[in-house]
*Asks:* 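What follows is a structure written as structure tokens; I'll ask about it next.
Every chain is numbered from 1 and lettered A, B, ... according to where its sequence line falls, protein lines coming before strand lines.
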2 protein chains.
Amino acid sequence: MTPATETEAADLRQVLQEATAEVIVERGLGAFSLREVARRAGVSHAAPGYHFGDMEGLLTALAIEGLDTLHRQTAAAAAMTTDPIERLRLIGVAYVQVGMNFPAHMEVAFRPDVVDGDHPSLQTCGTSAFGVLEDAVRDIAETHNPKLDVRKASHLCWSAMQGLVELHPKLTRLDEMSGVPASSIDDLVSSFTSLLVTGFLHADD
Amino acid sequence: MTPATETEAADLRQVLQEATAEVIVERGLGAFSLREVARRAGVSHAAPGYHFGDMEGLLTALAIEGLDTLHRQTAAAAAMTTDPIERLRLIGVAYVQVGMNFPAHMEVAFRPDVVDGDHPSLQTCGTSAFGVLEDAVRDIAETHNPKLDVRKASHLCWSAMQGLVELHPKLTRLDEMSGVPASSIDDLVSSFTSLLVTGFLHADD
DNA sequence: CGAGATATCTTGACACTGTCAAGCTGAAGT
DNA sequence: ACTTCAGCTTGACAGTGTCAAGATATCTCG
């Protein structure tokens, strides 16, 4: 109720982003409500708009936070080994773990219909996260196969991981319907990485 | 204004689905409006609800139509060749072309937050579409590498294609920002297929 | 110390929304 | 001719996002 200090205002922005993630996870993005976020944060319905401009601004801030987390966690994973192939696998595991630990953040990160895709920070964070992956693929190319098209191979890796995160619930259901024991997502990441790297090592584009 | 015959009612359902796809493409799914669909179809705001139950029902019908189209077009593509490797590439091209020709259908097809993921037809169409892909991968395993885990390899293919369709706008932008000439999506499909198949041929799980 | 500026809210209004219920109309069935 | 039914329309309601105006506490400056 009382006006906030700068620190309190920053705290409120963080509370609003946490409430946003909570509402997305509980209700689905399709039923997202800015007023519900305000209620959970204990402020009036107009407060989020003051801090973030509008609903798109708030969701964009959440997407930036998500891609920043993705970048930091994939960079940390990459630093855990000097073996380029193992590095790619660890990056994949980190990617999927961020997707599971921050589902709302990652869900909005690739939704041009609800976030501002032109936002500079969103693009910068996305470029940084992609860079970690591309560096790992480049290392593989340098040590095992200089013929590999690093750019395209990096695109394939990201597409595969992004597709896995999004499709995993559906693929799991397909497996269950076929009576096949579903794989854990970590297991799939390792299998995917193995198959992808095998292709990279033998590629002769 | 006048009550419809059964044929006219079916026509209206089709008109509503076409208007739905149009609104999604123009406004984005995040700003989708059922009343706008009704306006474009020239009926009252309650008519879509009568035919489809509610907004989720309408979007689910669109998703089913999309997956059915995907199944039919990937099956047709698969029938165009007897070479298993070329078949997989053609399936990938067909997948991406459906994604580009029916963006609204494919956008809602994987959105559990706006469609009814438990709808039997949605699952049946999804299973059928996946089956075309899995058959192609199985043929590759039988002719080139019996050690290949067909299920996981199929999952990888679908994840990669789905990820490509969704990420292609963002990846294209990353390429342009880096001064790299962006690849066409068909070119990427061919490169992806080549890399994936190379991995499949040499896999020894 | 008081006045003015500023940041950070709140309140209220507006137009739009999805859903539901009641009612209308024409065709089909008895 | 009456009843039933499918396929709508109209109207109401509660919730929504955004905007404008106003309130309040803090900060700055003379």
*Asks:* Would you call B:Arg40 and B:Glu36 a salt bridge, using N to O less than 4.0 angstrom?
*Replies:* yes
*Asks:* Among side-chain atoms of B:Gln73 and B:Gln97, is any donor-acceptor pair under 3.5 angstrom?
*Replies:* no
*Asks:* Rounded off to whole Å, could you give me the CG-to-C1' distance for the A:Leu16 and C:dT8 pair?
*Replies:* 12 Å
*Asks:* Report yes if a donor N or O on one partner sits less than 3.5 Å from an acceptor N or O on the other, where the partners are the side chain of B:His45 and the base of D:dG11; otherwise report no.
*Replies:* yes
*Asks:* Provide, to the nearest angstrom, the distance between the CG atom belonging to A:Leu12 and the P atom belonging to C:dA7.
*Replies:* 16 Å
*Asks:* Tell me which one of A:Leu12, A:Val15, A:Val37 satisfies side-chain contact (heavy atoms from CB on, under 4.5 Å) with A:Val43.
*Replies:* A:Leu12
*Asks:* Would one find a side-chain N or O of A:His51 under 4.0 angstrom from OP1 or OP2 of C:dA7?
*Replies:* no
*Asks:* Of B:Val115, B:Val114, B:Ile24, which is the lone residue that meets side-chain contact (heavy atoms from CB on, under 4.5 Å) with B:Leu62?
*Replies:* B:Ile24
*Asks:* Using whole Å, what does the distance between atom P of nucleotide C:dA15 and atom CZ of B:Arg39 come to?
*Replies:* 14 Å
*Asks:* Tell me: CZ of B:Phe32 to P of D:dG17, nearest whole Å?
*Replies:* 17 Å
*Asks:* Could you say whether B:Glu36 or B:Gly53 is positioned toward the 5' end of DNA chain C, judged by the nucleotide with the nearest heavy atom to each?
*Replies:* B:Glu36
*Asks:* Please state how far atom CG in A:Leu29 lies from atom C1' in D:dG17, giving the value in whole angstrom units.
*Replies:* 15 Å
*Asks:* Is it true that A:Arg87 and A:Asp135 have a side-chain N and a carboxylate O under 4.0 angstrom from each other?
*Replies:* no
*Asks:* Can you tell me if A:Tyr50 touches the phosphate of C:dC9, counting only side-chain N or O atoms and a distance under 4.0 Å to OP1 or OP2?
*Replies:* no
*Asks:* Distance check needed: C:dT19 P versus B:Leu34 CG, whole Å only.
*Replies:* 6 Å
*Asks:* Can you tell me the distance, in whole Å, between the CE atom of A:Met55 and the C1' atom of C:dC16?
*Replies:* 13 Å
*Asks:* Judged by each residue's nearest nucleotide on DNA chain D, which is more toward the 5′ side, B:Ala46 or A:Ser33?
*Replies:* B:Ala46
*Asks:* Among the nucleotides D:dC8, D:dT18, C:dT10, which one has an atom lying closest to any side-chain atom of A:Ser44?
*Replies:* C:dT10
*Asks:* When the distance from CZ of B:Arg35 to C1' of C:dT19 is rounded to whole Å, what number comes out?
*Replies:* 9 Å
